[in-house]
Amino acid sequence: MSTEHIVTRFPPSPTGYLHIGGARTALFNWLFARQKGGKFILRIEDTDEERSSEQATQAILESMSWLGLDWDEGPYFQSKRYDIYNAFIDRLLERGQAYYCHCTPEALEKRRKSAMEKGLKPKYDGRCRELGLGPKAGAVVRLKTPLSGSTRFEDLVKGPITFNNEELDDLIIRRSNGSPTYHLAVVADDIDLNVTHVIRGDDHVNNTPRQILIYKALAAPVPQYAHVPMILGPDKTRLSKRHGATSVLAYRDMGYLPHALLNALVRLGWSYGDQERFSLDELIQKFSLAHVGKAAGIFNAEKLLDLNARYIRESPDHALVQNLIPFLKNSGFQEIDSRKLQTVVPLLKPRSKTLVDMAEGARFCFEKEVQYEEKGDRKFLTPDVADLLIKLRDRLSTLSKFDHDALEEAFTAFLDENGIKLKKIAQPLRVALTGKTASPGIFEVMAVLGQDTVIERITQAVAHIGDKNRDRSSR
RNA sequence: GUCCCCAUCGUCUAGCCAGGUCCAGGACACAGGCCUUUCACGCCUGCGACAGGGGUUCAAAUCCCCUUGGGGACGCCA
């Protein structure tokens with residue numbers, strides 16, 4: 001197979017946000033095209049005017065961009081390509097491969113139901129097939145599918161798949177309102193855009209023979225198919241909204257890195273030996289449809305979280321600073337000193353699984369007044385440490401250098417003089433400076449905050465201890 | 001109901017196509033430990049699976065059949 005002319009596409013319908021199942025399909029198509037030096041097309045399938053929306057289209061484009069899945073052509077909008085579809089339908093009609101059907105939707109529905117009740121497959125009975133009917137208000141156009149024989153294709157993931165043509169019925173290709181149906185539009189577009197590989201979800205396996213029949217009727221070359229297994233929720237049913245976060249943008253907003261999501265998605269269904277993490281370049285190089293599994297999988301959100309934590313740790317500080325700013329603004333910090341942020345980021349890296357975590361961890365650098373966590377306040381900001389904090393503050397105010405080493409040295413001496421262990425003072429000090437019981441190393445925290453702020457916060461904490469005491473005794 | 005697809009630890013999976021090197025490997029999660037000023041990171045250890053039954057074979061997680069289980073599709077939605 002020539003790799004020069006490979007064309008893949010991702011055709012979401014803009015009836016909702018881009019979910020992770022769709023994103024994975026897009027990723028596979030993208031990887032395949034990139035690896036083969038082919039073309040990746042984005043097509044918006046918006047023929048259902050009722051359910052399609054501009055907003056959903058924007059959300060999809062935004063998701064794709066955020067993930068970094070760039071397309072070489074498009075986005076094409078099916079709603080603007082009706083001429084193409086009509087030409088294909090007319091051709092089919094002329095060749096006698098399609099015919100008008102005058103059955104009403106109500107009658108069809110009724111027949112479907114009774115077929116189901118009899119335990120038969122609810123398919124069209126073909127009663128208009130040989131009537132030679134013409135166009136008429138309310139008429140649809142159906143494809144004349146073979147009555148016998150079978151349709152077979154070699155799926156790049158699942159292997160050979162065969163359907164008996166008796167299972168298939170004469171599907172509608174043009175609605176009574178003149179618009180093309182999904183199957184026709186997809187095939188027409190894929191022919192028109194020279195798509196060579198259709199990589200899509202498992203749920204389309206049953207659609208494939210129908211679409212192949214359209215290609216055959218049109219005497220067009222049939223593309224290669226690769227049906228990737230579905231993503232299931234923890235209850236093993238098809239992933240949907242009720243399973244919680246499923247939209248790509250939701251993951252962005254929860255502080256995930258696109259690379260982490262991509263990595264998690266690609267490993268759901270595809271593997272490369274024992275390797276778990278891949279750079280984008282590696283993926284492009286190593287991806288292969290042959291190693292995509294056949295079984296549906298449950299999305300493992302915990303693994304994504306772990307992946308995200310690792311990618312955060314490996315990200316350059318400056319990149320994290322940029323990524324963090326929107327999250328900090330979202331927490332109410334408008335003016336952010338990015339130099340200061342740059343100094344905390346390395347401290348926060350090993351402690352943050354998401355950018356949201358990291359923004360939370362960086363709070364102490366930017367808040368005007370420390371908000372004490374209830375538990376830390378109660379446990380560590382107690383009257384018995386007030387004196388010690390005062391002594392410490394006075395000692396710290398004498399320091400001419402305020403970096404990690406100078407602080408450690410000063411503390412060693414201070415602990416020695418007072419006959420205490422670091423443990424004794426570290427936690428109260430941590431709460432005083434950050435409001436939390438968990439933070440980066442205490443010397444690092446002080447160095448980041450700077451001498452003035454440290455002294456100020458200790459003073460505030462001592463005052464706070466006094467306030468608490470007064471409240472208690474006055475009661 | 002009919003058709004299509006699928007089946008290895010709780011989850012994602014390696015191994016299967018070319019049977020022996022697999023009393024089944026890795027990762028996440030979980031449990032225990034080490035490190036330690038807190039929380040993490042890191043390191044070590046542990047727990048844990050070939051759905052069941054028949055065949056084929058000297059030998060089956062690997063090949064075949066059946067059963068069971070799961071998913072999907074059966075629209076003038078995509």
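So that the names make sense, note that chain A is the first sequence line, chain B the second, and so on, each numbered from 1.
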> Contact class for R51(A) vs. all strands (heavy atom < 4.0 Å): base, sugar-phosphate, or nothing?
Replying inline: base
> So what's rC16(B) paired with, Watson-Crick or G-U wobble, going by both distances under 3.5 Å?
Replying inline: none
> So does D202(A) reach the base of rG72(B) with its side chain, donor to acceptor, closer than 3.5 Å?
Replying inline: no
> When you match A264(A) and P160(A) each to their closest nucleotide on RNA chain B, which lands nearer the 5' end?
Replying inline: P160(A)
> Less than 3.5 Å between a donor and an acceptor, one on the side chain of E276(A) and one on the base of rG26(B), is that the case here?
Replying inline: yes
> NA contact type, G297(A), heavy-atom cut-off 4.0 Å: base, sugar-phosphate, or nothing?
Replying inline: sugar-phosphate
Please table the atom pairs, donor to acceptor, closer than 3.5 Å between any side-chain atom in residues 205-214 of chain A and protein atoms at least two apart or in another chain.
unit_1, atom_1, unit_2, atom_2, d
N207(A), ND2, H204(A), ND1, 3.0
T208(A), OG1, R200(A), NH1, 3.1
T208(A), OG1, H204(A), O, 3.0
T208(A), OG1, V205(A), O, 3.4
T208(A), OG1, H227(A), NE2, 3.1
R210(A), NH1, D169(A), OD1, 3.2
Q211(A), OE1, R200(A), NH2, 2.6
Q211(A), NE2, H183(A), ND1, 3.2

> Between R313(A) and rG42(B), is there a side-chain N or O to OP1/OP2 distance below 4.0 Å?
Replying inline: yes
>> Base, sugar-phosphate or nothing for T15(A)? Non-hydrogen atoms, less than 4.0 Å.
In response: nothing
>> For a quick test of reading the model: is some side-chain N or O of R277(A) closer than 4.0 Å to OP1 or OP2 of rG26(B)?
In response: no
> Is there a donor on the side chain of R430(A) or the base of rU37(B) sitting less than 3.5 Å from an acceptor on the other?
Replying inline: yes
> Quick one: does T181(A) reach the base of rC76(B) with a side-chain donor-acceptor pair under 3.5 Å?
Replying inline: no
> Which part of the nucleic acid does Y182(A) contact within heavy-atom distance under 4.0 Å: base, sugar-phosphate only, or nothing?
Replying inline: base
> With sugar-phosphate meaning primed atoms plus P, OP1 and OP2, does G159(A) contact a base, only sugar-phosphate, or nothing at under 4.0 Å between heavy atoms?
Replying inline: nothing
> Across all strands, who's sitting opposite rG75(B) as a Watson-Crick or G-U wobble pair, both distances under 3.5 Å?
Replying inline: none
>> Looking at rC28(B), I'd like to know if its phosphate oxygens (OP1 or OP2) sit under 4.0 Å from a side-chain N or O belonging to R310(A).
In response: yes
> Between the side-chain atoms of K303(A) and the base atoms of rC12(B), is any donor-acceptor pair under 3.5 Å?
Replying inline: yes
>> With hydrogens left out and only the distance checked, is there a donor-acceptor pair under 3.5 Å joining R351(A)'s side chain and the base of rC39(B)?
In response: yes
> Can you check whether R267(A) has a side-chain N or O nearer than 4.0 Å to OP1 or OP2 of rC28(B)?
Replying inline: no
> With the threshold set at 4.0 Å, does a side-chain nitrogen-carboxylate oxygen contact exist between E314(A) and K349(A)?
Replying inline: no
> Which part of the nucleic acid, if any, lies within contact of V205(A), taking any heavy atom under 4.0 Å across all strands shown: a base, the sugar-phosphate backbone alone, or nothing?
Replying inline: sugar-phosphate
> For rG75(B), does either OP1 or OP2 sit under 4.0 Å from a side-chain N or O belonging to R112(A)?
Replying inline: yes
